[in-house]
Amino acid sequence: QVQLVESGGGLVQAGGSLSVSCAASGSIFSINAMGWYRQAPGKQRALVATITSGGSTNYADSVKGRFTISRDNAKNTMYLQMSSLKPEDTAVYYCNANGTFRTPFLRYFEVWGQGTLVAVSS
């Protein structure tokens with residue numbers, strides 16, 4: 001009933017910038033928190049940043065000062081602007097969202113996107 005579609009990502013040189021976005025669609029009533037997570041080869045999925053519906057943000061220490069998370073509530077879309085990228089930022093980036101959707105009754109959802117690859121070359 002709710003889907004997340006990521007776009008952006010790709011290959012960039014170290015020190016460069018890249019943006020990814022995540023659009024939610026479906027019978028959405030409201031979206032609470034949204035977040036970006038990443039999974040590097042051989043590692044567990046880890047938090048990158050989260051943002052509440054009110055705009056409060058939280059970042060992993062490794063990306064503070066380099067990444068900026070934002071969202072457009074009217075478009076049900078979240079963004080991640082990444083700068084000063086490092087090879088260790090290479091990973092598949094996943095978006096996550098939770099909230100309520102209509103069935104027609106309101107029900108809770110939590111969904112993940114399919115992931116988008118960000119590769120940073122040295």
Side-chain angles (χ1 to χ4, degrees):
Q1 285 85 351
V2 179
Q3 300 84 35
L4 299 180
V5 177
E6 295 131 343
S7 59
L11 176 64
V12 64
Q13 289 188 332
S17 299
L18 203 61
S19 294
V20 290
S21 62
C22 172
S25 63
S27 302
I28 298 168
F29 179 77
S30 65
I31 300 178
N32 300 327
M34 302 183 78
W36 288 100
Y37 295 75
R38 65 186 181 186
Q39 187 166 17
K43 296 187 177 180
Q44 291 187 331
R45 192 173 299 188
L47 170 73
V48 175
T50 61
I51 185 167
T52 68
S53 57
S56 296
T57 58
N58 179 55
Y59 294 92
D61 288 342
S62 59
V63 306
K64 282 181 181 177
R66 300 188 299 120
F67 290 13
T68 301
I69 189 172
S70 62
R71 62 190 279 180
D72 184 334
N73 291 332
K75 296 181 179 179
N76 289 332
T77 301
M78 173 179 63
Y79 308 93
L80 185 67
Q81 175 67 42
M82 302 175 283
S83 61
S84 301
L85 283 160
K86 305 174 182 179
E88 50 264 43
D89 294 318
T90 295
V92 177
Y93 284 69
Y94 297 91
C95 62
N96 173 274
N98 65 74
T100 54
F101 69 103
R102 304 180 184 89
T103 64
F105 303 106
L106 295 183
R107 295 185 63 183
Y108 173 81
F109 74 86
E110 181 173 3
V111 293
W112 291 88
Q114 80 284 358
T116 186
L117 176 64
V118 172
V120 184
S121 62
S122 58

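Keep in mind the model is a prediction, meaning the values are calculated, not measured.
- Annotation for Gln39 and Gln44: closest pair CG-C, 4.0 Å, computed over non-hydrogen atoms.
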Discussion item. Could you go through Ser121 and Gln13, starting from their C-alpha distance and side-chain angles, then the distance that decides it, and tell me whether this counts as side chain to side chain donor-acceptor pair (under 3.5 Å)?
Written reply: CA-CA 5 Å; Ser121 62; Gln13 289 188 332; 5.0 Å; no

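- Between Phe67 and Tyr93, the angle of the ring planes lies from 30° to 60°, which puts this pair in the tilted group.
- At a threshold of 4.5 Å between side-chain heavy atoms, the hydrophobic network of Ile, Leu, Val, Met, Phe, Trp and Tyr places Val111 and Met78 in one connected group.
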Discussion item. Under the criterion side chain to side chain contact (heavy atoms under 4.5 Å, CB included), I'd like the reasoning laid out for Ser21 against Lys75: C-alpha separation, chi angles, the key distance, then a yes or no.
Written reply: CA-CA 11 Å; Ser21 62; Lys75 296 181 179 179; over 6 Å; no

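- Taken from CG in Asn76 to CE in Met34, the straight-line distance is 7.0 Å, to the nearest 0.5 Å.
- The structure places OH of Tyr59 at 7.0 Å from CD1 of Ile51, a figure rounded to the nearest 0.5 Å.
- A salt bridge links Lys64 with Asp61: at least one charged nitrogen is closer than 4.0 Å to a carboxylate oxygen.
- Counting all heavy atoms, side chain and backbone alike, Trp36 lies closest to Leu80 at NE1-CB, 3.5 Å.
- Leu85 pairs with exactly one of Val63, Val120, Thr90 by the side chain to side chain contact (heavy atoms under 4.5 Å, CB included) rule, that one being Val120.
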Item to complete: Could you give me the CA-CA distance, side-chain angles and deciding distance for Ile31 and Arg71, then say whether side chain to side chain contact (heavy atoms under 4.5 Å, CB included) is met?
Response: CA-CA 11 Å; Ile31 300 178; Arg71 62 190 279 180; 3.6 Å; yes

Practice prompt. Show the numbers, then the answer: is there a side chain to side chain contact (heavy atoms under 4.5 Å, CB included) between Met82 and Asp89?
Written response: CA-CA 10 Å; Met82 302 175 283; Asp89 294 318; over 6 Å; no

Item to complete: In sequence, state the C-alpha distance, the side-chain angles, and the governing distance for Gln81 and Ser17, and then conclude on side chain to side chain contact (heavy atoms under 4.5 Å, CB included).
Response: CA-CA 8 Å; Gln81 175 67 42; Ser17 299; 4.0 Å; yes

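- Both Val20 and Leu4 are members of a single hydrophobic cluster when ILVMFWY side chains are connected at heavy-atom separations under 4.5 Å.
- Judged purely by atom type and a 3.5 angstrom limit, Glu6 has no side-chain atom pairing as donor or acceptor with the backbone of Cys22.
- When all heavy atoms of Ser84 and Arg66 are compared, the pair lying nearest together is O-NH1, 2.9 Å.
- Atoms CD1 and CD, on Ile28 and Gln3 in that order, are 8.0 Å from each other to the nearest 0.5 Å.
- Under the 3.5 Å distance criterion, the side-chain polar atoms of Gln1 are left unmatched by any main-chain donor or acceptor of Thr103.
- Within the 3.5 Å criterion, the main-chain N or O of Asn96 finds no donor-acceptor partner in the side chain of Glu110.
- Rounding to the nearest 0.5 Å gives a distance of 11.5 Å between CD1 of Ile69 and OG of Ser56.
- At distances below 3.5 Å, not a single donor-acceptor pair connects side-chain atoms of Tyr37 with backbone N or O atoms of Trp112.
- In terms of heavy atoms, Asn32 sits closest to Gly99 at ND2-CA, 3.7 Å.
- Panel note: side chain Arg107, backbone Thr100; no donor-acceptor pair is recorded below 3.5 Å.
- Counting heavy-atom neighbours within 6.0 Å of Phe105 CZ, excluding the residue itself, gives a total of 12 or less.
- Hydrophobic clustering of Ile, Leu, Val, Met, Phe, Trp and Tyr side chains at less than 4.5 Å, counting indirect connections, unites Leu117 with Tyr94.
- Considering CG of Asp72 and OH of Tyr79, their distance stands at 5.0 Å, rounded to 0.5 Å.
- Under the 4.5 Å side-chain contact rule for hydrophobic residues, Phe109 and Phe29 do not share a cluster.
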